[in-house]
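What follows is a single structure, written as structure tokens, with notes after it.
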Amino acid sequence: MALKAVHVSDVPSLDLVPESPLLSSRFPTGLEMRNGGFKMPKFVVIGHRGNGMNVLQSTDRRMRAIKENSIMSFNAASSFPLDFIEFDVQVTKDDCPVIFHDDYIYTQENGNVFGKRIPELCLSEFLSYGIQREPGMEGKMLVRKTKDGKIFNWEVEQDDTLCTLQEAFLKVEPTLGFNIELKFDDHIVYEQAYLTHVLQAILKVVTDYAKDRPIIFSTFQPDAAVLVRKLQSTHPVFFLTNGGCEIYEDLRRNTLEEALKLCLENGLDGIVSEIKGIFKNPGAVSKIKESNLSLLTYGKLNNVPEAVYMQHLMGIDGVIVDFVQEITEAVADMVKPTKNGEEEGLTEEGIEKVEVNKSKPQFSQLELSFLYKLIPQLLLL
């Protein structure tokens, strides 16, 4: 893959990443838990909310192509050779784990907008929003409220019903891994008893239906991360952080250093960081890797192939992306295995073999130059 240092004006924004054809490879052997910790066997690509999140106000049709966090989106993503899909799980008041990202679900009646939190709804109420399963049935109009308070009709090119976690296990390609984000409201302080009850409801479904499917748990809620590790040891647990891009009252959420401390003190397996947090603090990568933790990233910059390539060079283990087709193709191009089990890297002449050291990444001078020139430009996006 021939790459060059670019100017910020040359780096595509979220709305302008060009479409391209695809070729890559499915996660080959599942997850591997070792005595020394959890290890990703290769650089992984994870589909955000399935085949990509919905940004209803975006001018890019791909952000409104398929309803996010739906069976349709999950199976659309499975047609590409990515490794996992990521989705958000909450639990209804009658203890059913359902898949939905936002803290509130909104509908509009006679020009008035009404919102309810998912834990306030029973399963039947939750499933009554949006299009319905039964022919001829009409559900509540589904709208979305953005962070700045704007309301958008949740209209996509290919719509689908809301779904449960159990349905995802039963209806999605069984070799596709699930990155299950345990979703909690940032503005609520939860009692441990409540967190335990919610997590047990989720774990029951996972235990009953996961079979051999690779599973990763992740959450922004520090206490939930610690609890889910105590409640089970079969599946790896990652702590989600924005790496200091936003500040919270809970100090454990505010820096990569605090995330690392939480993981080490509680036997967690890795960190999922907003990629801008990593680019602002690249020295944290070596600290995380030397601590035998895995490191994944999320954020809109992960839809830019150059940013993904940089992360591969830095020793990051994988990326959560919206543009599944484009990024899986880019990864297939940039990470090519050789007969000796090595991966191919970049030189001025083309491609050379570079031994991949996941604990201490080694870079050529050209690769280092590329990294340091591009990081400040990407942070301006």
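Residue numbers start at 1 and run along the sequence shown.
No side-chain donor-acceptor contact under 3.5 Å links N281 to the backbone of G277. In terms of modelled atom types and a separation under 3.5 Å, the side chain of N110 and the main chain of N112 share no donor-acceptor contact. Formation of a donor-acceptor pair under 3.5 Å by the T241 side chain with backbone atoms of G243 is found in this model. A donor-acceptor contact shorter than 3.5 Å is absent between the side chain of E181 and the backbone of K183. Judged by distance alone, the side chain of N302 and the main-chain N or O of I320 form a donor-acceptor pair under 3.5 Å. Listed for the E86 side chain is no donor-acceptor partner under 3.5 Å among the backbone atoms of F84. Using modelled atom types, one side-chain atom of E125 and one backbone atom of C122 make a donor-acceptor pair closer than 3.5 Å. Not a single donor-acceptor pair under 3.5 Å links the side chain of S273 to the backbone N or O of I275.
Contact annotation: the side chain of V308 never approaches that of P305 to less than 4.5 Å [non-hydrogen atoms, C-beta and beyond]. Contact check for F87 versus E68: no side-chain heavy atoms found under the 4.5 Å cut-off. Here the side chains of N51 and F74 are not in contact, with every heavy-atom distance at 4.5 Å or above. Here the side chains of L182 and F184 are in contact, with some heavy-atom distance below 4.5 Å. You'll find the side chain of D160 stays beyond 4.5 Å of the side chain of I66, heavy atoms only.
Note on K171 versus E167: salt bridge recorded, some NZ/NE/NH1/NH2 to OD/OE distance being below 4.0 Å. Under the 4.0 Å criterion applied to side-chain N and carboxylate O atoms, K67 and D159 are assigned as salt-bridge partners. In summary, D317 and K289 engage in a salt bridge, as defined by a charged side-chain N under 4.0 Å from a carboxylate O. By the 4.0 Å N-to-carboxylate-O rule, E326 lies close enough to R62 to be salt-bridged with it. Electrostatic pairing of D102 and R144 counts as a salt bridge here, judged by a charged N lying under 4.0 Å from a carboxylate O. For R61 and E157, the salt-bridge test passes: some basic side-chain N is under 4.0 Å from an acidic carboxylate O.
A side-chain N or O of T175 and one of E173 form a donor-acceptor pair less than 3.5 Å apart. Of the N and O atoms on the side chains of D269 and S294, not one donor lies less than 3.5 Å from an acceptor on the other residue. D103 and H187 share no side-chain donor-acceptor pair at under 3.5 Å. Of the N and O atoms on the side chains of Q166 and D208, not one donor lies less than 3.5 Å from an acceptor on the other residue.
Sorted pairs that involve residues 104-113 and meet salt bridge (charged side-chain N to carboxylate O under 4.0 Å, His left out), not counting sequence neighbours, are lacking altogether.
For the residue pair E155 and L56, the shortest heavy atom distance occurs at O-CD2, 3.9 Å. Residues P282 and K280 share a closest heavy-atom pair of CD-C, 3.5 Å. A168 and I71 make their closest contact through CA-CD1, 3.7 Å (heavy atoms, listed as atom of the first residue, atom of the second, distance). Nearest heavy atoms, R49 versus S73: O-OG, 3.4 Å.
Counting heavy-atom neighbours within 6.0 Å of Q192 CD, excluding the residue itself, gives a total of 12 or less.
Applying the side-chain hydrogen bond (donor to acceptor under 3.5 Å, both in side chains) rule to Y104 yields no partners; only residues at least two apart in sequence or on another chain are considered. Y129 meets the ring pair (Phe, Tyr, Trp, His ring centres under 6.0 Å) test with no other residue; sequence neighbours excluded.
Hydrophobic clustering keeps I202 apart from V98 (ILVMFWY residues linked when any side-chain heavy atoms are closer than 4.5 Å, directly or through intermediates). Each of M72 and L165 belongs to its own hydrophobic cluster when Ile, Leu, Val, Met, Phe, Trp and Tyr are linked at side-chain heavy-atom distances under 4.5 angstrom.
Under the side chain to side chain contact (heavy atoms under 4.5 Å, CB included) test applied with F217, the options L199, L268, V89, L203 reduce to a single match, L203.
Between Y209 and F169, the ring-plane angle classifies as parallel under the 30° and 60° cut-offs. The aromatic rings of H312 and F43 stand perpendicular to each other, their planes meeting at an angle above 60°, with 30° marking the opposite boundary.
A centroid separation of 6.0 Å or more is found between the aromatic rings of Y106 and F114.
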